[in-house]
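The structure displayed is predicted, hence computed values, not measured ones. Below, read A as the first sequence line, B as the second, and so on, with proteins coming before strands; counting in each chain starts at 1.
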2 protein chains.
Amino acid sequence: MATGRTHRPATRSRGIPEATVARLPLYLRALTALSERSVPTVSSEELAAAAGVNSAKLRKDFSYLGSYGTRGVGYDVEYLVYQISRELGLTQDWPVVIVGIGNLGAALANYGGFASRGFRVAALIDADPAMAGKPVAGIPVQHTDDLEKIIKDNGVSIGVIATPAGAAQQVCERLVAAGVTSILNFAPTVLSVPDGVDVRKVDLSIELQILAFHEQRKAGEEALALAEAEAVVEVSEESGKGPDGDVPAVMPA
Amino acid sequence: MATGRTHRPATRSRGIPEATVARLPLYLRALTALSERSVPTVSSEELAAAAGVNSAKLRKDFSYLGSYGTRGVGYDVEYLVYQISRELGLTQDWPVVIVGIGNLGAALANYGGFASRGFRVAALIDADPAMAGKPVAGIPVQHTDDLEKIIKDNGVSIGVIATPAGAAQQVCERLVAAGVTSILNFAPTVLSVPDGVDVRKVDLSIELQILAFHEQRKAGEEALALAEAEAVVEVSEESGKGPDGDVPAVMPA
DNA sequence: CCATCTTTGTGCACGCGTTCACAAAGACAT
DNA sequence: ATGTCTTTGTGAACGCGTGCACAAAGATGG
């Protein structure tokens, strides 16, 4: 998952746990694939495998939505697709704007996954006057000056921020002031928003850093195991504070 | 955070909780900003605000790393930057390869956040022969045929998959076979990997769907509050199963 | 109609993560 | 040296999420 989440921990929406909501799109994708192969029904075991989760967890997740399965048979694929889509609010079309049409913004505009399910790129917005009018993914880029008007004319409530970090907070404030209440933030900044506005954060660099941590641990364990196997262990104590010189790749304990 | 996570839930690394690891990059970024402004020390309260978290949580997170603060004063910014960097394994350089140089792959290659802190784009790989040799972000794209050689020559252990969904699993298997043990997956697929390989998933479409859920709930609550205010409530019962026609935007209870 | 078999839905226990609240520790002034 | 004041570090309580294990429910066959 992209990682960072900025969420109201308080109100759970109609009793559906946040963790379950986060998995519904996963189930939906797996179900859609089954639907395209004209598979009529699926068991919790099969679907769980396809979605990469535990089958008990899947059943509990679905139990929050209602009793949509048939014991002894499984779940009706089409019906479940419909129910989850409805629950996620994907039966209606959500117009979204993307602000910041750099490399990432352009990639997002071209990303098929948006249009495919419930989302429509209503407008692309950039601060660079040279970009104005230039079509990206078939949509002409508009200038930031018109941001408020674009939001209101299109009834946009979801905004995607793909600007540099420095511009993100200001863009965010203008989006919110214009009526946007959900923001997907790709800029490496902590956005502060008023209550009632949801922010989700996708941070590429953070994901890599988390991987690096595990990678380092794996390397450390490997080397440690190796050292133990050789049974030649010399421990050089190092104490005190302050950025002292290099630290050995394999640290004791 | 992008959402999806595929992780060994079992082994906690040297006692540092996964949730804490996921926040360390956040702290590091805030600390780096302070460092650039030559701020010498910072309190848990201030740093927590900058990172967008609770101060108690931050202190507990740091307590897993050791006692790096000074009571009555706060934390030494430079020292903490060093300690967190070391903990995350960012004092060494991690060569990464990006596979799939479409819009997204190109955006990732150009993304400054990688190079800035511990990561180096060692190679760009694409299956399209027409791309071969073409420079993206100053790095010539190489063909998939040479994937194994590239991984081994550069000692790459972290791979980024930005291919279409259909190619992802196959690319993943080749990466793993060649020695990659950490994967950042942007393709909308569930990757299956052997034990010992970490996968983190960033799924743009899922993030939007989660936002849509909350957005729908907000709209529903608003409309419900409105209806209640008018005190004109007619409940039309609707039961039974099956994809019955349209569902009213505001559903009773 | 009854028995058997499959699969759902869920009660329960456990563990992780979060938050509160406070004692311990150190800086600083007198 | 002593007292005060600030801020850390952490024990303890709580709540959420996960997974086990099983009873309930329905399909299916005789």
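Side-chain atoms of B:Lys60 come within donor-acceptor range of the base of C:dT19, with a qualifying N/O pair under 3.5 Å.
Between C:dC20, C:dG9, C:dT18, one nucleotide has an atom nearer to the side chain of A:Tyr75 than all others, and that is C:dG9. When each of C:dG17, C:dC20, D:dC20 is scored by its nearest atom to the side-chain atoms of B:Pro17, the top-ranked nucleotide is C:dG17. Nearest to the side-chain atoms of B:Ser44 among the listed nucleotides D:dT10, D:dT18, D:dT8 stands D:dT8.
Aromatic pair B:Phe62/B:Tyr68: ring centres not closer than 6.0 Å.
At whole-Å resolution of the value, NZ in A:Lys57 and P in C:dT7 are 22 Å apart. If you measure from atom CG of B:Asn54 to atom P of D:dG15, you get 17 Å, rounded to the nearest angstrom. As rounded to whole Å, 12 Å separates atom C1' of C:dG9 from atom CG of A:Leu58. In this structure, A:Tyr64 atom OH and C:dG11 atom P are separated by 11 Å, rounded to whole Å. Taking atom CZ of B:Arg59 as the reference point, atom C1' of D:dA12 lies 15 Å away to the nearest angstrom. A straight line from CZ of B:Phe62 to P of D:dT7 spans 16 Å, rounded to a whole angstrom. The interatomic distance linking B:Leu65 (CG) with D:dT10 (C1') rounds to 15 Å, in whole Å. Rounded to an integer number of Å, the gap from CG of A:Leu24 to P of D:dG17 is 13 Å.
Of the side-chain N and O atoms in A:Tyr68, none sit less than 4.0 angstrom from OP1 or OP2 of C:dT7. An OP1 or OP2 oxygen of C:dT7 is reached within less than 4.0 angstrom by no side-chain nitrogen or oxygen of A:Ser43. OP1 and OP2 of C:dT10 both lie 4.0 Å or more from every side-chain N or O belonging to A:Arg71. Of the side-chain N and O atoms in A:Thr70, none sit less than 4.0 angstrom from OP1 or OP2 of D:dG26.
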Could you go through B:Ile183 and B:Val176, starting from their C-alpha distance and side-chain angles, then the distance that decides it, and tell me whether this counts as side-chain contact (heavy atoms from CB on, under 4.5 Å)?
CA-CA 9 Å; B:Ile183 291 176; B:Val176 170; 4.0 Å; yes
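Taking for each of A:Asp61 and B:Asp61 the nucleotide of DNA chain D with the nearest heavy atom, the 5'-most of the two is the partner of B:Asp61. Residue-to-nucleotide proximity on DNA chain D shows that, of A:Gly72 and A:Ala56, the 5′-proximal contact is made by A:Ala56.
With hydrogens and angles left out, the side-chain atoms of B:Ser205 and B:Gln209 include a donor and acceptor closer than 3.5 Å. Using modelled atom types, one finds a donor on one side chain and an acceptor on the other under 3.5 Å when comparing A:Thr20 with A:Asp61. In this model, no donor atom of one side chain and acceptor atom of the other lie less than 3.5 Å apart for B:Gln83 and B:Glu87.
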